[in-house]
Amino acid sequence: MAEDIIERTPLPEGYYLHNFLKLLDFVNERYDDMLIENEKQFYKTFTKLSEGAQRLYVRLVTRKGPYFRLDKVAYAEIPELDQAVDELELAGFFAVNPRLALPLALHTITKPELVDFLKDVPELSEFVNLSASKQQLVAEIASLEEAQVWALLEKRFTFLLPLYQETVEIYRLLFFGNLEQELSEFILEDIGVLRYEPYEIRDEDRFFQQRQVVEDLHAFTYANAELWDGLQSNHLEKVMAIGNWMLEQDPHDKLKGKYRRSFCHIGRFLEKFKLWEEALGFYQHSGLHPARERTVRVWEKTGREEASLVLLAEILENPFNEDEAEFAAMFAEKVKKKVGQPYQKQKRETFPTVSKSLEKEEGLNVEAIALNSYQQDGYEGFYAENLLWGGLFGLLFWDIIFMPIPNVFFNPFQRGPKDLFSENFREKRTEQIKKRLVEVASNNQLSVTIRQCYEEKFNTANYFVSWKRADLEQFVKIVEWVPREHLVAILSRMADNLREFRSGFPDLMLFGKEKGDYLLAEVKGPGDQLRPNQKRWFRFFQEIGIPYNVTKVSWADG
DNA sequence: CTCAGTTTCG
DNA sequence: TTCACACTGTCTC
DNA sequence: GACAGTGTGTCTCGAAACTGAGCG
Ligand SMILES: [Mn+2]
Ligand SMILES: [Mn+2]
């Protein structure tokens, strides 16, 4: 493969500063009207610093920190370190020994260093247990007289704190459109990790149109990160505090969707604590799916069946999506039955099922065991699920995904257009998609086409193609074995709404002896059941005549 | 010493 | 900050 | 056996360095 023979030339010294300046320049050029005075001043002052100072600032501002210990900072390409530090402090880019929070400063000191330090300082060591864990030690020190601890620490250590962090974040946000991506994106191509599609970015395409959105997104990103921390650590007070903060915000319309999604997560979290009314409040402010579903369920289990029936009727009238509609249809009958209203008996939906009694094997999941069994039955096959079908879509529609249409590409490091998962993705590319589907239906060289795309685009970032796990021969097998009208039907449905139809594909792709002889199998072990999106694909397969089944595995004794 | 989780770096 | 599954308890058939 | 709720592993670029904890 081509990537094996790429020689990696070492990156030029100070490459990170070069990239940082590229980022700043890109933003300055594009967003001059949106930068505030403070940010423009940052740029002016920064670019006047010596190269060593600039390098040191970028080195540290891109690290986690927030504190750094001067005695631990050393970079071969910054020989005059002390001089750079002085310069940065004088110019206001570093604070030296600012007293932020003790735990943050203690974080820069390893446990052995900390014990060593405490042993020399009887004023502190008499109050702490030196054999405690580091976490405890930090907590104990933090509970002592703060000014005294700071003074003692500063006698032994010098702490650096890069300033203008928020300014740098605003620049990053303006460049990437998010805070997940970092400066390291710039070198991924240089070092051969991956490539980015060279799509066209027009001068007038900007991720942000208003300063307000930049600031609102910045604030949201911070709050949301904290929120997720609270959700994952089961910290009720923290989640409540952030939730209430979020409720008080009045962000730009473009941010409302993000807040609403967070409200749903908060509601679910509060339900776990049986805080029904609080959860309902967040659902009411959300409005996104599954907020109404959760509202109905909470009402139902807290004796408000009548209200839930009214909301269920509203949902059925105007469902948010297929998932919500299916829920409402099912749950309405359940509630009617409960309150003694006439209801329709729910008929169980059945799908073609193959039952297999197989032996459990150490280290193999149920999908692999089922696949083994099918292979013994004479099938050829592999584990497919969403990655394979997504990958196939990504390869066959590559140029359409990266088509240069207005306002979808904003920086050189995107894995797809901004509207990839929006409802009007297809609408905006109607003709191209239509034409491509005709090609898929009729091109008798499709396996060649897919090989070419695979080779040409190998390791190029694409939201749908996971190169690490993609297997060209599997794509080729599908293209050769699955009847084209089936392929077209599946791909067309995906293109309709990539958010809804990128998931729910069956686990296994199985092939018989002759072309056209194939099967999609969703493996279900004991206790597992079909998910709503899996059922939706099955109904679609049924309609089209695509062969599929549920493979129910039970464990044989022995 | 090993081991696992995190952070840095190119 | 997604998707699918494992595991649990409850209810219904 | 269906359904609901809860929790977990997985996605991350990968190698190397660093850190803290537990073990013998
Ligand atoms: Mn699966
Ligand atoms: Mn499965």
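Per chain, numbering begins at 1; letters A, B, ... match sequence-line order.
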Value in whole Å for how far the C1' atom of C/dC3 lies from CG of A/L387: 10 Å
Identify each atom pair where a protein N or O and an N or O of nucleotides 6-13 of chain C are less than 3.5 Å apart, giving names and distance.
{"residue": "C/dC13", "atom": "OP1", "partner": "A/K337", "partner atom": "NZ", "Å": "3.2"}

D/dA15 to D/dC11 separation - P atoms, rounded to the nearest Å: 15 Å
Sidechain-backbone polar pair: A/D507 side chain, A/E385 backbone, donor-acceptor under 3.5 Å: no
Pairs touching residues 322-342 of chain A that satisfy ring-ring contact (aromatic ring centres under 6.0 Å, His included), sequence neighbours left out: A/F327-A/F331
Any N/O pairs under 3.5 Å between the protein and nucleotides 11-13 of chain D? List them or say none.
{"residue": "D/dC11", "atom": "OP1", "partner": "A/R469", "partner atom": "NH1", "Å": "3.2"}
{"residue": "D/dT12", "atom": "OP2", "partner": "A/S466", "partner atom": "OG", "Å": "3.3"}

Any A/N386 side-chain nitrogen or oxygen under 4.0 Å from OP1 or OP2 of C/dA4: yes
A/F263 and A/Y283: CA distance, side-chain angles, deciding distance, ring-ring contact (aromatic ring centres under 6.0 Å, His included) verdict: CA-CA 6 Å; A/F263 291 154; A/Y283 291 142; over 10 Å; no
Only pairs under 3.5 Å count here: list side-chain donor-acceptor contacts from residues 342-349 of chain A, not counting sequence neighbours, and write none if there are none.
{"residue": "A/Q346", "atom": "NE2", "partner": "A/M330", "partner atom": "O", "Å": "3.0"}
{"residue": "A/E349", "atom": "OE1", "partner": "A/R539", "partner atom": "NH2", "Å": "3.1"}
{"residue": "A/E349", "atom": "OE2", "partner": "A/R539", "partner atom": "NE", "Å": "2.6"}

OP1 or OP2 of B/dG10 under 4.0 Å from side-chain N/O of A/Y15: yes
Derivation and outcome, ring-ring contact (aromatic ring centres under 6.0 Å, His included), residues A/Y164 and A/Y171: CA-CA 11 Å; A/Y164 284 111; A/Y171 267 100; over 10 Å; no
Any A/R63 side-chain nitrogen or oxygen under 4.0 Å from OP1 or OP2 of B/dT7: no
Sugar-phosphate, base or nothing in reach of A/L11, heavy atoms under 4.0 Å: sugar-phosphate
Listed partners of A/F505 passing ring-ring contact (aromatic ring centres under 6.0 Å, His included), at least two apart: A/W389, A/W537
Side-chain H-bond candidate by donor/acceptor type, A/E169 with A/Y222, under 3.5 Å: yes
Nearest-Å distance once atom P is located in both C/dT2 and D/dG14: 22 Å
Distance below 4.0 Å between A/R59 side-chain N/O and B/dT7 OP1 or OP2: no
Sugar-phosphate only, base, or nothing, as touched by A/E13 at under 4.0 Å among non-hydrogen atoms: nothing
Any donor-acceptor N/O pair, A/Y67 side chain to A/L100 backbone, under 3.5 Å: yes
Modelled atom types, side-chain donor and acceptor of A/Q249 and A/K256, under 3.5 Å: no
Separation of atom CZ in A/R55 from atom C1' in B/dC9, rounded to whole Å: 15 Å
Anything under 3.5 Å between a protein N or O and an N or O of nucleotides 6-9 of chain D, put it in a table, one pair a line.
{"residue": "D/dG7", "atom": "OP2", "partner": "A/K272", "partner atom": "NZ", "Å": "2.9"}

ring-ring contact (aromatic ring centres under 6.0 Å, His included) partners for A/F464, two or more places apart: A/F393, A/F421
Contacts of type side chain to side chain donor-acceptor pair (under 3.5 Å), residue A/S184, not counting sequence neighbours: none
Rounded distance in Å between the C1' positions of D/dG9 and B/dG5: 16 Å
A/K64 NZ to B/dG5 C1', straight-line distance once rounded to whole Å: 12 Å
Residues A/R297, A/E300; criterion salt bridge (Lys or Arg N to Asp or Glu O under 4.0 Å); working and verdict: CA-CA 5 Å; A/R297 288 186 188 277; A/E300 189 272 336; over 6 Å; no
Straight-line distance of A/K254 NZ to A/F207 CZ, nearest 0.5 Å: 8.5 Å
Of the listed nucleotides B/dC9, C/dC5, C/dT1, the one nearest the side chain of A/R261: C/dT1
Contact under 4.0 Å: A/K334 side-chain N or O vs D/dA4 OP1/OP2: yes
Interatomic distance, A/L530 CG vs C/dC3 P [rounded to whole Å]: 17 Å
NZ/A/K338: more than 12 non-hydrogen atoms of other groups inside 6.0 Å: yes
Whole-Å gap separating P (D/dA4) and CZ (A/F331): 7 Å
Those residues that, when tested against A/K356, pass side chain to side chain donor-acceptor pair (under 3.5 Å) (two or more places apart): A/S373, A/D377
Whole angstrom value for the distance that separates P of C/dA4 from CD of A/E385: 6 Å
A/E113/A/K111 salt bridge by N-O under 4.0 Å criterion: no
Salt-bridge criterion met for A/E77 and A/R59 (N-O under 4.0 Å): yes
Sugar-phosphate only, base, or nothing, as touched by A/D507 at under 4.0 Å among non-hydrogen atoms: sugar-phosphate
First of A/E522 and A/N224 reached from the 5' end of DNA chain C, by closest nucleotide: A/N224
Are any protein N/O atoms closer than 3.5 Å to N/O atoms in nucleotides 17-20 of chain D? If there are, list each pair with its distance.
{"residue": "D/dT19", "atom": "OP1", "partner": "A/K72", "partner atom": "NZ", "Å": "3.2"}
{"residue": "D/dG20", "atom": "OP1", "partner": "A/K111", "partner atom": "N", "Å": "3.4"}
{"residue": "D/dG20", "atom": "OP1", "partner": "A/K134", "partner atom": "NZ", "Å": "2.7"}
{"residue": "D/dG20", "atom": "OP2", "partner": "A/K111", "partner atom": "N", "Å": "2.8"}

Secondary-structure stems for DNA chain D, with pairs counted as Watson-Crick or G-U when both distances are under 3.5 Å and runs at least 3 long: B:1-10 with D:13-22, C:3-11 with D:1-9
Scan the side chains in residues 223-232 of chain A for donor-acceptor partners under 3.5 Å anywhere in the protein, sequence neighbours excluded, and list what turns up.
{"residue": "A/N224", "atom": "OD1", "partner": "A/S262", "partner atom": "OG", "Å": "2.8"}
{"residue": "A/E226", "atom": "OE1", "partner": "A/K238", "partner atom": "NZ", "Å": "3.0"}
{"residue": "A/D229", "atom": "OD2", "partner": "A/K238", "partner atom": "NZ", "Å": "2.6"}

Distance in angstrom units between A/F421 CZ and C/dT2 P, rounded: 11 Å
A/H265 NE2 to C/dC3 C1', straight-line distance once rounded to whole Å: 13 Å
Separation of the P atoms in D/dA4 and C/dT12, to the nearest angstrom: 12 Å
